Novice: 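Pasting a structure here, questions to come.
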Amino acid sequence: GGRKNWDNLRCISWNFFGNRKLYWDKWTGDVRIKYLKEDREAIININTDQGRVMMKGEEITHPDSLNKYLRQAKGSWINDSYWLCMPFKLKDSGVTLEYIDSDTTQDGRDAYILSLRFKDVGFTPQNYYEIWVDSETKLVSQWAFYREESQDDPNFIMPWREYKDFNGVMLSGNRGARELTEIQRHDSFPETFFSDFSPIGI
């Protein structure tokens, strides 16, 4: 999809494996998360870590509890957005990429393999990934996740399949046995979308 098209994409939403629905304004840093398996909703700005949390129909106001749930919300966004748009974050600050080798994916497609390490960024800098980039399409076609770089074997290997074009941004939701669904690009969200807990309606 290209860096320019990704930067020009302002708003996006998706369903993370039926667990959470996320709405993200990339330009402002505002995120709204609806937890689908519990009565909880969070609004947070990922740049300032400020926000609001609603649980079981009541807003969390105690500072310690609010900070706890806002940190969980940010962790949800970090995790869930990485599953969706990792290819656009390969050149983020604190990320180290190295070319490993050429090989085939589990689907038998030729690919270049990159190692991905983090330095002093995110909640889990000890994580390590290997990324397969399809030699023909130049799209990420597979990844392997290691909770600790010292592990001999990955925690999982999953494909990146069925890319779709979202106005010049290529995104994949198919991870083999699991799938990100309801991926949508938005020009903007309603004016009060990140200021109160009015019904989402999107």
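Numbering of residues begins at 1 and proceeds along the displayed sequence. All values derive from a computational prediction rather than experimental measurement.
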Novice: Would you call the rings of Phe189 and Phe193 parallel, tilted or perpendicular if under 30° counts as parallel and over 60° as perpendicular?
Specialist: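 Parallel: the ring planes of Phe189 and Phe193 meet at under 30°.
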Novice: Stepwise, does the side-chain contact (heavy atoms from CB on, under 4.5 Å) test hold for Leu139 with Met170?
Specialist: CA-CA 9 Å; Leu139 297 171; Met170 302 298 293; 4.3 Å; yes
Novice: Restricting to non-hydrogen atoms, name the atom on Val31 and the atom on Trp24 that form the minimum distance, rounded to 0.1 Å.
Specialist: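 Reported closest heavy-atom pair: CG2-CD1, 3.7 Å.
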Novice: Tell me which pairs pass salt bridge (charged side-chain N to carboxylate O under 4.0 Å, His left out) where either residue lies in residues 153-167, with sequence neighbours left out.
Specialist: Asp107-Arg161
Novice: State whether Trp160 and Arg175 meet the cation-pi test: NZ (Lys) or CZ (Arg) under 6.0 Å from the six-membered ring centroid, and within 45° of the perpendicular axis.
Specialist: yes
Novice: Distance under 6.0 Å and angle within 45° of the ring axis: does Arg3 meet both against Phe88?
Specialist: no
Novice: Check the angle between the aromatic planes of Phe145 and Tyr129 and answer parallel, tilted or perpendicular using the 30° and 60° thresholds.
Specialist: tilted
Novice: Taking the six-membered ring of Trp6 (Phe, Tyr or Trp), confirm whether the NZ or CZ of Lys26 is under 6.0 Å from its centre and within 45° of its axis.
Specialist: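 So Lys26 does make the cation-pi contact.
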Novice: Give a yes or no on whether a salt bridge exists between Lys56 and Glu58, defined as a side-chain N under 4.0 angstrom from a carboxylate O.
Specialist: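 No, no charged N to carboxylate O under 4.0 Å.
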Novice: Can you establish whether the number of heavy atoms outside Arg185 located under 6.0 Å from its atom CZ is more than 12?
Specialist: yes
Novice: Parallel under 30°, tilted from 30 to 60°, perpendicular over 60°: which one fits the rings of Trp143 and Tyr82?
Specialist: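 Answer is parallel, since the angle falls under 30°.
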Novice: May I ask you to check if Arg178 and Phe17 form a cation-pi contact, with NZ or CZ under 6.0 angstrom from the six-membered ring centre and within 45° of the axis?
Specialist: yes
Novice: Measure the spacing between NE2 of His62 and OH of Tyr69 and express it to the nearest 0.5 Å.
Specialist: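 Reported to 0.5 Å precision, the distance equals 12.0 Å.
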Novice: If you measure from the Lys or Arg side-chain nitrogens to the Asp or Glu carboxylate oxygens, is any gap between Asp80 and Arg20 under 4.0 Å?
Specialist: yes
Novice: I want to check a possible cation-pi pair here: Arg40 against Tyr35, using under 6.0 Å from ring centre and within 45° of the ring axis as the test.
Specialist: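 Yes; both conditions hold, so Arg40 lies above the ring face of Tyr35.
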